[in-house]
2 protein chains.
Amino acid sequence: MDNNLDLIFKISTINSKIIKNIDSQLSIHGITYSEFLVMHQLSLSAAKTMRRIDLADKVGMSASGITRLLNPMEKIKIVKKEINARDARVSFVKITTAGEELYNNALKSVELCSKEFFEDLNNNDIVKFLEILKKIR
Amino acid sequence: MDNNLDLIFKISTINSKIIKNIDSQLSIHGITYSEFLVMHQLSLSAAKTMRRIDLADKVGMSASGITRLLNPMEKIKIVKKEINARDARVSFVKITTAGEELYNNALKSVELCSKEFFEDLNNNDIVKFLEILKKIR
DNA sequence: GCAATATACTTGCGGACTCAAATATATTGC
DNA sequence: GCAATATATTTGAGTCCGCAAGTATATTGC
């Protein structure tokens, strides 16, 4: 009956295990999981540039969280702020070349690590898994 | 190919969505998700009593996290500390009658909420889902 | 039987967030 | 065209939690 509840607990247990593991891998590159996530989104985006609000939304953080996360990243020049001539309220964030290089290296670690997690799943499992996740409201 | 990575992002997105939702439901009862988790574990355990360390382990928190989490819970008497005659290092935590009452009400909210998340999944999906989660390392 | 080590827990400090308020700019309705 | 409202971002205050160090007690090996 309370498979539902059970499911939620299992998801959150697995999630924190995964994040912890990835975070420890990323610390070798000197970045956190959140920083990796923003670089990932930026490098996927057109022109490697996004509004801070959209970034916040994509990575599941608040706007203020993004501000505080990006500050040190700007300082070490892995991302940079760009103003918007059309709308002075928004400021774009762009991943720099150095940032992309860092990201690509980090990505390799994360991919290796994620492969391990799912080693026991066959392709069918993964497809099914993605399908099920899509059905969650 | 990078279904793996995709999977991880989806899991963590869904996880934070779920926790946020549950947390907002639980705030009506005046408790957080972590507090709910410890009450859940306590009410499942034999004699409704656990060592702090085992509790930490079960809910995926550090020992210090548990100490800080339990302090206010002891103050409002939903759990209470019990000493161990055999080993003076350990202190047990027991959920009180008031705590169990609170937990049972909160549980109803959480169950309702979790049912909604998985509304579009049939029984087969849920079984498959649990199976797959078990295969993750 | 006692020094060395292990275990259970708490405390000090700090990091990573969030929410609400503050600020600055845009848009809308009249 | 300007007041009212909406949007994007930053800042202040506070929460939650982890790590490392501190304290207290138990166990182990000699």
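Chain naming here is simple, since letters A, B, ... match the order of the sequence lines and numbering starts at 1 in each. Only this structure's heavy atoms are used, side chains among them; waters, hydrogens and symmetry mates stay out.
- Aromatic ring orientation, A/Phe9 versus B/Phe36: tilted (interplanar angle from 30° to 60°).
- Within the nucleic acid shown, B/Gly65 comes within 4.0 Å of sugar-phosphate atoms alone, with no base atom in reach, counting heavy atoms only.
- Residues A/Lys77 and A/Glu100 are not paired through a salt bridge, judged by the lack of any N-O separation under 4.0 Å between the basic side chain and the carboxylate.
- The aromatic rings of A/Phe118 and A/Phe129 sit perpendicular, their planes meeting at an angle over 60°, well past the 30° parallel limit.
- For the residue pair A/Asp125 and B/Lys128, the shortest heavy atom distance occurs at OD1-NZ, 3.7 Å.
- For a distance-only test at 3.5 Å, the side chain of A/Arg89 fails to qualify as a donor-acceptor partner of the base of D/dT9.
- Using a 4.0 Å heavy-atom distance criterion, B/Ile66 is classed as making no nucleic acid contact.
- Using a 4.0 Å cut-off between charged nitrogen and carboxylate oxygen, A/Arg51 and A/Asp54 count as a salt-bridge pair.
- Phosphate proximity of C/dC17 to A/Ser34: present, with a side-chain N or O under 4.0 Å from OP1 or OP2.
- Computed from coordinates, the A/Arg68 CZ to D/dT9 C1' distance equals 11 Å when rounded to whole Å.
- Residue-level contact check: B/Ala63 touches the bases, meaning some heavy atom is under 4.0 Å from a base atom.
- With C/dC9, D/dC16, D/dT11 as the candidates, the nucleotide lying closest to the side chain of B/Thr32 is D/dC16.
- Sorted by residue number, the members of residues 45-55 of chain B with any non-hydrogen atom under 4.0 Å from DNA chain C read B/Arg51, B/Arg52, B/Ile53.
- Between A/Asn71 atom CG and C/dG15 atom P there is a gap of 14 Å when expressed in whole angstrom units.
- One interatomic measurement links the two molecules: CG of B/Asn84 to P of D/dT25, which rounds to 13 Å at whole-angstrom precision.
- With hydrogens and angles left out, the side chain of B/Ser64 and the base of D/dC19 share a donor-acceptor pair within 3.5 Å.
- Of the residues in residues 8-27 of chain A, not one comes within less than 4.0 Å of DNA chain C through any heavy atom.
- Consecutive Watson-Crick or G-U pairing (both distances under 3.5 Å) extending over three or more pairs maps onto DNA chain D as C:1-30 with D:1-30.
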